[in-house]
Amino acid sequence: QVQLVESGGGLVQAGGSLRLSCAVSGRLVNSFGMGWFRQAPGKQREVVAAISWSGDNTYHADSVKGRFTISRVNAENTVYLQMNSLKPEDTAVYYCAADETSLYTRLAVTEYEYDYWGQGTQVTVSS
């Protein structure tokens, strides 16, 4: 049974940093493409970043490019989202997700492509 558990959210001032973790159990993290999504109140869930099954191809949404970085540590079976220069508009519940069908360098950037989801972690950025 695949489980994803996010951690690392919290309250931070604008300009600060947080690192989100997504621990994967039940399967090796490098058997999935992985993604981070977020959902702010009253808004649709949106993709933030994704990393391919191969681990060598990444995607970052324009709104976070240059500030956020997705990475994967196979030995820890964990995916990370390093978030720097945080802005109030980054406030949302952040979810990690696993895609078991996209192979090699293919990136999944829509929520419909993902098969497993974590429970989410709240990130609040104060101005």
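The chain is numbered in sequence order, starting from 1.
If you run side chain to side chain contact (heavy atoms under 4.5 Å, CB included) between R72 and each of T78, V24, N30, only N30 comes through. Here the options are V12, V48, V64, V123, the test is side chain to side chain contact (heavy atoms under 4.5 Å, CB included), and the partner is M83; only V123 passes.
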Tell me, with the steps shown, if Q82 and S17 meet side-chain contact (heavy atoms from CB on, under 4.5 Å). CA-CA 8 Å; Q82 178 66 44; S17 297; 4.1 Å; yes
Between W36 and F68, does a side-chain contact (heavy atoms from CB on, under 4.5 Å) hold up when you go through it step by step? CA-CA 11 Å; W36 284 98; F68 291 11; over 6 Å; no
Please lay out, stage by stage, how N74 and L28 fare under the test side-chain contact (heavy atoms from CB on, under 4.5 Å). CA-CA 8 Å; N74 293 338; L28 293 177; over 6 Å; no
Intermediate values then yes/no, side-chain contact (heavy atoms from CB on, under 4.5 Å), T91 and Q122: CA-CA 8 Å; T91 295; Q122 176 70 47; 4.0 Å; yes
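Note: S7 OG to Q119 CD = 8.5 Å, rounded to the nearest 0.5 Å. The distance from atom CD of Q39 to atom CD of E46, rounded to the nearest 0.5 Å, is 9.5 Å. Considering CG of D99 and CD1 of I51, their distance stands at 12.5 Å, rounded to 0.5 Å. Taking CD of E89 as the start and NZ of K43 as the end, the distance is 8.5 Å to the nearest 0.5 Å.
The backbone N or O of V29 lies less than 3.5 Å from a partner atom in the side chain of N77, making a donor-acceptor pair. Within the 3.5 Å criterion, the main-chain N or O of T121 finds no donor-acceptor partner in the side chain of E6. Under a 3.5 Å cut-off, the side chain of R27 and the backbone N or O of V2 do not form any donor-acceptor pair. Judged by distance alone, the side chain of S102 and the main-chain N or O of L107 form no donor-acceptor pair under 3.5 Å. Without hydrogens or angle criteria, H60 side chain to I70 main chain gives a donor-acceptor distance under 3.5 Å. Side-chain atoms of Y80 do not come within 3.5 Å of backbone N or O of V73 as any donor-acceptor pair.
Linking Ile, Leu, Val, Met, Phe, Trp and Tyr residues whenever their side-chain heavy atoms come within less than 4.5 Å leaves Y59 and L20 in two separate clusters. Cluster annotation: W117 and M34 are assigned to distinct hydrophobic clusters (Ile/Leu/Val/Met/Phe/Trp/Tyr, side-chain heavy-atom contacts under 4.5 Å, transitive). With hydrophobic clusters built from ILVMFWY side chains whose heavy atoms lie under 4.5 angstrom apart, Y114 does not share a cluster with L81. Residue Y94 is not grouped with residue V109 when hydrophobic side chains (ILVMFWY) are merged at heavy-atom distances under 4.5 angstrom, including chains of intermediate members.
The pair D90-K87 does not count as a salt bridge, with every side-chain nitrogen at least 4.0 angstrom from each carboxylate oxygen.
In this structure, W53 and Y104 have perpendicular ring planes: the angle between them is above 60°, well past the 30° mark.
For A92 against R38, the heavy-atom pair with the smallest separation is CB-CB, 3.8 Å. The two residues V93 and G120 make their nearest non-hydrogen contact at CG1-CA, 3.9 Å. Residue S127 comes nearest to A14 through the heavy atom pair CA-CB, 4.3 Å, listed as atom of the first residue, atom of the second, then distance.
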